[in-house]
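Accompanying notes for the structure given below.
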Amino acid sequence: MANLSTKLMGLDFRNPIVVASSGLTSSLERLKACEEAGAGAVVLKSIFEEQITAEVDGIVAAGETPYAHAEAADYIRNYGRENAVRRFIELISEAKKELSIPVIASIHCVSAGGWTDFAKRVEQAGADALELNIFVLPSDVERDGRYYEQVYFDVLAAVKQQVTIPVALKIGSRFSSIAHTANALAEGGADALVMFNRFSRFDFDIEEMEMVPASYLSEPSEMLIPLRWIALLSGEISCDFVATTGVHDGKSVVKMLLAGAAAVELCSVLYQHGVTRIGSVLEEISSWMDAHGFASIEEFRGKMSQEESMNPAGYERVQFMKTSEAQS
Ligand SMILES: Cc1cc2nc3c(=O)[nH]c(=O)nc-3n(C[C@H](O)[C@H](O)[C@H](O)COP(=O)(O)O)c2cc1C
């Protein structure tokens, strides 16, 4: 097999495949299965800001949560119980003892308030890096985009004050100027941007007239959104890029690496086929590299990023014109 090693945020990975934060990484047994299946690194299932604050402050009052939905507020209040924090910290230290691949902890947060010194405990427990999944739904008609964006900067600054391990931000794609925001986050100290978070979606059951969750797994076509933005921004912005959402096979991993990603997180495909699918993904990458004469990832990483095109906006417009001409 070709040399698949890569570097992310200064950490050495034996290959670019990272098992994304999810139920697949929620216990020591599952983490060991990821390592055995060949993963280059793992991101632990997130602990939620509400779990941290609930344990610190006792029960969070419903009115204090940013969720208007009563059921959501109830769920969140109860989620904090059962020593979630202790179990999370124990999992980090056990994983560090038992695994030889990098262990990245993950915190899912919606504000910079009250919980950020917990990041220090994550570092002390031995995590190699921290991934912050920040998501604030911009649903308040009184608040503009700048208000919501500021949450990302505040969280990043507060956490960076607490830790020296690398910090990655897992972000969504819906900023009014994603390029500007991504650049500002890198300048604000983000060591990597994980693009893009896949938000849970809801659907309507029109018989029961109820809101129901839509599929929690991604489709392969969803990878085109992170592919575009990683290709446009890598090389332009001084931080590493990690691809996530819609990557289901080795060919898609190769595309993300060509776009400039340093690593790729997999989740849905591993839920569908089991973590042993990592083996065939690695084989696909390796045979593509052999077929194209690449001995290492560094030889081709970023080869298809925007640096190949001096005017990315113009490039996009021409593609659109060509498509609409072909279809008319
Ligand atoms: C069942 C499930 C649980 C997840 N839990 C988390 C989580 O705790 N924290 C997080 O940052 N992302 C979580 N995710 C999102 C994944 O890490 C990943 O970013 C997303 O599924 C997109 O990647 P994919 O297309 O490979 O599935 C979860 C996804 C699934 C399907």
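Counting starts at 1 for both ligands and their atoms, following the listed order.
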| task | Indicate the atoms forming the closest heavy-atom contact of Leu24 with Val275, along with that distance. | result |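 Scanning both residues completely, I find the closest heavy atoms to be CD2-CG1, 4.4 Å.
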| said: If I compare all heavy atoms of Ser215 with all of Arg198, which pair ends up nearest, and what's the gap? | reply: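 It is O-NH1, 3.6 Å.
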Give me the nearest non-hydrogen protein atom to [atom] as residue plus atom name, then the distance to 0.1 Å.
atom	value
atom 22 (C) of ligand 1	Thr245 OG1, 3.3 Å
atom 9 (N) of ligand 1	Ser46 OG, 2.6 Å
atom 27 (O) of ligand 1	Ser268 OG, 2.5 Å

Under 3.5 Å between some N or O of ligand 1 and some N or O of [X]?
X	result
Tyr271	no
Cys267	yes
Ser21	yes
Tyr216	no

| request: Please work out whether the ring planes of Tyr271 and Tyr216 are parallel, tilted or perpendicular, with thresholds of 30° and 60°. | output: perpendicular
| request: For the residue pair Phe88 and Phe118, categorise the inter-ring angle as parallel (less than 30°), tilted (30 to 60°) or perpendicular (more than 60°). | output: tilted
For [X], the ligand 1 atoms whose distance to one of its heavy atoms is below 4.0 Å:
X	value
Thr244	18 (C), 19 (O), 22 (C), 23 (O)
Lys45	5 (N), 8 (O)
Ser218	24 (P), 25 (O), 27 (O)
Lys170	10 (C), 11 (O), 12 (N), 15 (C), 16 (C), 17 (O), 18 (C), 19 (O)
Gly246	24 (P), 25 (O)

| Lys255 and Asp249: CA distance, side-chain angles, deciding distance, salt bridge (charged side-chain N to carboxylate O under 4.0 Å, His left out) verdict | CA-CA 10 Å; Lys255 290 180 190 179; Asp249 58 18; over 6 Å; no
| task | Determine, stepwise, if the pair Ser100 / Glu35 fulfils side chain to side chain donor-acceptor pair (under 3.5 Å). | result | CA-CA 8 Å; Ser100 53; Glu35 179 171 77; 3.2 Å; yes
| message | Quiz question: by atom type and distance under 3.5 Å, do the side chains of Ser111 and Glu49 form a donor-acceptor pair? | response | yes
| query | Do Thr245 and Ser218 meet the criterion of a side-chain donor-acceptor pair at a distance under 3.5 Å? | reply |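 The criterion, which ignores hydrogens and geometry beyond distance, is not satisfied for Ser218 and Thr245.
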| query | If hydrogens are left out, which of Arg198, Glu131, His108, Glu265 has an atom nearest to atom 20 (C) of ligand 1, that is, the closest non-hydrogen atom? | reply |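 Among Arg198, Glu131, His108, Glu265, the closest heavy atom to atom 20 (C) of ligand 1 belongs to Arg198.
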| Only one of Tyr148, Tyr152, Phe196 clears ring-ring contact (aromatic ring centres under 6.0 Å, His included) with Phe175; which? | Tyr152
| said: Please work out, at 4.0 Å between heavy atoms, whether the side chain, the backbone, both, or neither of Asn133 comes within that distance of ligand 1. | reply: side chain
